[in-house]
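Remarks on the structure that follows.
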Amino acid sequence: MGKKYNSRLIKDDYSYTVEEVADLLGNDIATVRRWIREEGLERVLHSRPHLIHSSKLKPFIEKRQVERKKPCASHEVFCFRCQVPRAPRAGSASIARIPNGSLRYKALCDDCGGKMNRGIASADWTENHPLAVYLSDATREHIGVQPTHRECALQQEAMTCSNIMP
């Protein structure tokens with residue numbers, strides 16, 4: 001997996017030496033030279049020391065950022081161990097509301113058993129969401145506002161009492 005770079009650190013209309021690019025992006029000088037030699041980072045011609053203009057460096061870095069992204073389909077979650085989007089293991093998922101109002105979907109990978117995580121906007125979540133089928137039964141009961149353990153026990157007790165009484 002590639003390293004994440006902040007392209008906003010690159011000044012407009014500025015020429016950098018190989019050493020300055022390496023320091024700016026937190027890389028080794030050999031990495032920047034490899035980018036020039038093998039990966040198509042253009043340098044200013046006939047310049048010694050080698051200079052790289054910001055108009056060539058910024059698109060090169062932004063292109064690398066786009067290439068490292070691995071978007072998930074609607075039924076997939078990103079697996080941290082496999083480093084690719086995969087389907088979760090059935091019954092292993094849970095969902096929790098986070099402070100900003102969105103939902104955090106956690107599950108285990110069906111292939112390697114590693115942790116998976118995905119943020120979902122509250123407005124996008126419904127019972128028919130493609131990831132809802134992977135939720136564990138306990139989580140399925142408590143979608144939305146989560147009751148306390150006491151309230152949950154009282155609800156279960158009320159359900160068993162209503163099932164006994166005619």
Side-chain angles (χ1 to χ4, degrees), residues 1-126 128-136 138-140 143 146:
M1 184 172 88
K3 185 176 178 181
K4 186 174 181 180
Y5 301 109
N6 187 355
S7 63
R8 290 180 291 170
L9 296 175
I10 301 168
K11 297 177 187 176
D12 290 334
D13 201 27
Y14 190 82
S15 294
Y16 292 97
T17 64
V18 172
E19 292 80 11
E20 289 172 334
V21 171
D23 287 342
L24 183 69
L25 301 175
N27 277 351
D28 194 62
I29 296 170
T31 302
V32 178
R33 288 191 176 128
R34 180 176 43 82
W35 289 348
I36 294 169
R37 189 176 58 250
E38 297 173 9
E39 297 184 25
L41 177 58
E42 295 179 37
R43 64 179 180 89
V44 177
L45 293 177
H46 309 297
S47 62
R48 291 285 181 176
H50 294 304
L51 295 177
I52 302 160
H53 197 267
S54 61
S55 65
K56 305 294 182 185
L57 179 61
K58 197 167 194 168
F60 177 82
I61 295 300
E62 289 171 350
K63 180 182 170 212
R64 288 180 64 86
Q65 294 297 87
V66 169
E67 289 174 353
R68 71 183 283 276
K69 296 256 182 201
K70 297 172 185 159
C72 298
S74 61
H75 67 282
E76 294 177 323
V77 183
F78 190 78
C79 175
F80 295 123
R81 190 179 293 166
C82 300
Q83 293 293 306
V84 292
R86 299 209 189 258
R89 183 179 295 162
S92 71
S94 66
I95 195 163
R97 192 169 300 278
I98 55 178
N100 69 1
S102 60
L103 304 172
R104 177 173 290 133
Y105 185 91
K106 293 181 182 181
L108 297 177
C109 179
D110 198 29
D111 290 350
C112 70
K115 292 181 181 180
M116 304 174 90
N117 190 20
R118 182 170 178 173
I120 301 172
S122 295
D124 295 342
W125 184 260
T126 63
N128 299 329
H129 192 281
L131 291 172
V133 297
Y134 300 106
L135 289 174
S136 64
T139 305
R140 197 181 308 275
I143 298 290
Q146 300 239 347

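The figures here come from the full heavy-atom set of this structure, side chains too, leaving out hydrogens, waters and symmetry mates. This chain uses plain numbering: 1 for the first residue, then up along the sequence. Being a predicted model, the structure only gives us computed values, none of them experimental.
Counting heavy-atom neighbours within 6.0 Å of Glu62 CD, excluding the residue itself, gives a total above 12. Heavy atoms from other residues, nucleotides or ligands lying under 6.0 Å from CZ of Arg8 number 12 at most.
Side chains of Lys106 and Ser94 form a contact here, defined as non-hydrogen atoms less than 4.5 Å apart. Between Arg81 and Asp111 the shortest side-chain heavy-atom distance does not fall below 4.5 Å. Between Glu39 and Arg34 the shortest side-chain heavy-atom distance falls below 4.5 Å. By the 4.5 Å heavy-atom criterion applied to side chains, Gln83 and Phe78 are counted as neighbours. Considering only heavy atoms from C-beta on, Val18 stays 4.5 Å or farther from Pro49 through its side chain. Using a 4.5 Å heavy-atom threshold, the side chains of Leu25 and Val32 count as separate. Using a 4.5 Å heavy-atom cutoff, the side chains of Arg86 and Asp110 are not in contact. Counting only heavy atoms from C-beta outward, the side chains of Thr17 and Leu51 approach each other to under 4.5 Å.
Scanning all heavy atoms of the two residues, the minimum distance from Ser15 to His53 falls at OG-CD2, 3.4 Å. Minimum interatomic distance between Ile61 and Tyr5 (heavy atoms only, all atoms of both residues): CG2-CB, 3.6 Å. Closest approach of Arg97 to Ser122, counting heavy atoms only: NH1-OG, 3.2 Å. When all heavy atoms of Ala90 and Tyr134 are compared, the pair lying nearest together is CA-CD2, 4.1 Å.
Trp35 and Phe60 have tilted rings, their planes meeting at an angle from 30° to 60° on a 0 to 90° scale.
A distance of 12.0 Å separates CG in Leu41 from OG1 in Thr31, rounded to the nearest 0.5 Å. Atoms CD and CZ, from Glu38 and Arg33 in turn, are 13.5 Å apart once rounded to the nearest 0.5 Å. Atoms CG and CD, from Asn6 and Gln65 in turn, are 8.5 Å apart once rounded to the nearest 0.5 Å. Here Leu108 contributes atom CG and Lys115 contributes atom NZ; the two are 9.0 Å apart, rounded to the nearest 0.5 Å. How far CD of Glu76 is from CE of Met116: 8.0 Å, rounded to the nearest 0.5 Å. To the nearest 0.5 angstrom, Glu19 atom CD is 13.0 Å from Leu24 atom CG.
Looking only at distances, no side-chain donor or acceptor of Ser92 sits under 3.5 Å from a matching main-chain atom of Ala107. Listed for the Ser54 side chain is a donor-acceptor partner under 3.5 Å among the backbone atoms of Lys11. Side chain of Tyr105 to main chain of Ile120: no donor-acceptor pair is present (N/O by atom type, distance under 3.5 Å, no hydrogens or angles).
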(request) Report the C-alpha distance between Leu103 and Asp124 in whole Å, list the side-chain angles of each, state the deciding distance to 0.1 Å, and finish with yes or no for side chain to side chain contact (heavy atoms under 4.5 Å, CB included). (result) CA-CA 10 Å; Leu103 304 172; Asp124 295 342; over 6 Å; no
